[in-house]
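Below is one structure, written out as structure tokens; comments come after it.
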Amino acid sequence: MENNPATVAADFCFTLPLWAQQLTADAGGRKFLSDEEKMEWVLKLGRHNIEDGGGPFAAAIFDIDSGILLAPGVNRVMTCNCSVLHAEIAAIMLAQQHLSSYTLAPETGSGYELITSTEPCAMCLGAIPWAGIKRLVCGARDVDARSIGFDEGDKPEHWTEKLEQRGIAVKRDICRPAAAKLMQDYLSINGEIYNGAGSERHPP
């Protein structure tokens, strides 16, 4: 690829697709009462994202005390040609912009939680403590993503304990069968496995 400094973009703007904005507006003010309710909403985001040509991953950030949605996130790696636009990263970016703050660490209350359709990859795992997240809730497991060909990166063996040592609570396997099925459905339509250099670009 030719790299001409005169043609390199000087800025980058990320916005949610219109359907995601509508789903978010529809959820505005709603109090999600359980982890299962939150995960079901996140999985709905993931299904719509697949239909829109994106990856099979979704996430959202909620206020822990109220259960109100702060920001959604869907995987836009392919649609935006940006390898770092995983669902968790998108949700964190949008939440911080909404709060006009580089951190989600609470000044008052319990803070914010990240609900994600699949356990975070190595990149998203690293972003969680820096973002100020106080609680992480996961649907599918790392192994579910790897089983269809995604490269989740090198993560510490006891990554949940590492987060908890930083004061970040972790809960796993919420709606795991439905979350894992989302990836299998993506595989069944021959969805692209968008790994980095040297990795397979399509399902095995």
Side-chain angles (χ1 to χ4, degrees), residues 13-49 52 54-76 84-121 123-142 159-176 178-179 182:
C13 180
F14 163 68
T15 56
L16 286 175
L18 291 177
W19 59 262
Q21 295 180 41
Q22 185 59 58
L23 285 176
T24 302
D26 292 345
R30 171 184 169 188
K31 293 184 178 181
F32 290 78
L33 301 179
S34 69
D35 291 335
E36 287 76 15
E37 281 187 48
K38 296 166 191 171
M39 186 63 71
E40 287 168 2
W41 192 83
V42 164
L43 295 179
K44 181 189 293 187
L45 276 181
R47 285 192 291 273
H48 279 276
N49 199 49
D52 193 37
F57 304 100
I61 291 176
F62 292 84
D63 183 279
I64 293 174
D65 291 331
S66 69
I68 292 176
L69 174 69
L70 177 64
V74 289
N75 187 293
R76 305 303 284 174
V84 301
L85 270 184
H86 289 197
E88 298 95 327
I89 300 297
I92 289 168
M93 290 168 61
L94 291 170
Q96 291 175 341
Q97 289 297 299
H98 180 73
L99 294 177
S100 297
S101 173
Y102 62 85
T103 178
L104 301 177
E107 293 184 5
T108 61
S110 300
Y112 297 98
E113 60 188 354
L114 174 64
I115 313 295
T116 180
S117 63
T118 305
E119 292 177 343
C121 70
M123 175 182 70
C124 297
L125 177 63
I128 289 169
W130 301 125
I133 297 293
K134 298 304 293 181
R135 185 169 184 260
L136 171 67
V137 178
C138 309
R141 291 248 178 165
D142 178 284
W159 62 270
T160 58
E161 289 89 339
K162 295 290 187 181
L163 288 182
E164 287 168 350
Q165 288 169 9
R166 286 177 171 263
I168 302 168
V170 180
K171 191 171 182 179
R172 306 164 83 183
D173 297 335
I174 299 300
C175 303
R176 182 182 177 186
L182 190 65

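Both backbone and side-chain heavy atoms feed into the values below; hydrogens, waters and symmetry mates do not.
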(Q) Would the distance check show the side chain of Asp65 and the main-chain N or O of Ser110 forming a donor-acceptor pair, the cut-off being under 3.5 Å? (A) yes
(Q) Measuring from atom OG of Ser34 to atom CD1 of Ile174, what distance do you get when rounded to the nearest 0.5 angstrom? (A) 8.5 Å
Q. Do Glu88 and Ile133 come close enough that some side-chain heavy atom pair is under 4.5 Å?
A. no
Q | Residues forming a side-chain contact (heavy atoms from CB on, under 4.5 Å) with Thr118, sequence neighbours excluded | A | Phe57, Ala140, Ala145, Met183
Q | Partner set under ring-ring contact (aromatic ring centres under 6.0 Å, His included) for Tyr112, not counting sequence neighbours | A | none
**Q.** Non-hydrogen atoms of Gly55 and Asn49 that approach each other most closely
**A.** O-ND2, 2.8 Å
Q: Please state whether the rings of Trp19 and His48 are parallel, tilted or perpendicular, taking 30° and 60° as the class boundaries.
A: parallel
Q | Gap between atom CD1 of Ile68 and atom CG of Asp63 - 0.5 Å precision | A | 7.0 Å
(Q) I'd like to know if the side chain of Glu119 and the backbone of Arg141 have a donor-acceptor N/O pair within less than 3.5 Å. (A) no
**Q.** side-chain contact (heavy atoms from CB on, under 4.5 Å) against Leu182, all qualifying residues, sequence neighbours excluded
**A.** Leu43, Arg47, Ile50
Q. For Ala91 and Ile61, which heavy atoms make the closest approach, and how far apart are they?
A. O-CD1, 3.6 Å
(Q) Tell me if the CD atom of Gln97 is crowded by more than 12 foreign heavy atoms within 6.0 Å. (A) no
Q | Any residue meeting salt bridge (charged side-chain N to carboxylate O under 4.0 Å, His left out) with Glu37, in chain and number order, not counting sequence neighbours | A | Arg30
Q.
Can you give me the closest heavy-atom contact between Leu16 and Pro72, atom names plus distance?
A. CD1-CG, 3.3 Å
Q. What is the minimum heavy-atom distance between Asp35 and Arg135, and which atoms define it?
A. OD2-NH2, 2.8 Å
Q: Could you give me the CA-CA distance, side-chain angles and deciding distance for Asp52 and Arg76, then say whether salt bridge (Lys or Arg N to Asp or Glu O under 4.0 Å) is met?
A: CA-CA 10 Å; Asp52 193 37; Arg76 305 303 284 174; 3.3 Å; yes
Q. Roughly how far, to the nearest 0.5 Å, is the CD1 atom of Ile92 from the OG1 atom of Thr103?
A. 10.5 Å
Q) Would Asp26 and Lys44 pass as an ion pair if we require N to O under 4.0 Å? A) no
Q: Determine yes or no for a side-chain-to-main-chain donor-acceptor pair under 3.5 angstrom, with Ser117 supplying the side chain and Gly139 the backbone.
A: no
Q | Spatial distance of atom CG (Leu136) from atom CD1 (Ile115) [nearest 0.5 Å] | A | 8.0 Å
(Q) Suppose we screen for side-chain hydrogen bond (donor to acceptor under 3.5 Å, both in side chains). Which residues come up paired with Lys38, at least two apart in sequence or across chains? (A) Glu113
Q) Could you walk me through whether Trp41 and Leu69 pass the side chain to side chain contact (heavy atoms under 4.5 Å, CB included) check? A) CA-CA 10 Å; Trp41 192 83; Leu69 174 69; 3.5 Å; yes
**Q.** Over all atoms of both residues, closest heavy-atom pair of Gly111 and Pro106
**A.** CA-CB, 3.5 Å
Q: Only counting residues at least two apart or in another chain, list the ones meeting side-chain contact (heavy atoms from CB on, under 4.5 Å) with Glu40.
A: Cys175
Q | Distance in Å, Leu70 CG paired with Gln96 CD, rounded so as to fall on 0.5 Å steps | A | 9.5 Å
**Q.** Atom pair NZ/CG of Lys134 and Leu163 - distance to nearest 0.5 Å
**A.** 11.0 Å
Q) Below 4.5 Å, heavy atoms only, C-beta onward: do Ile89 and Cys124 meet side chain to side chain? A) yes
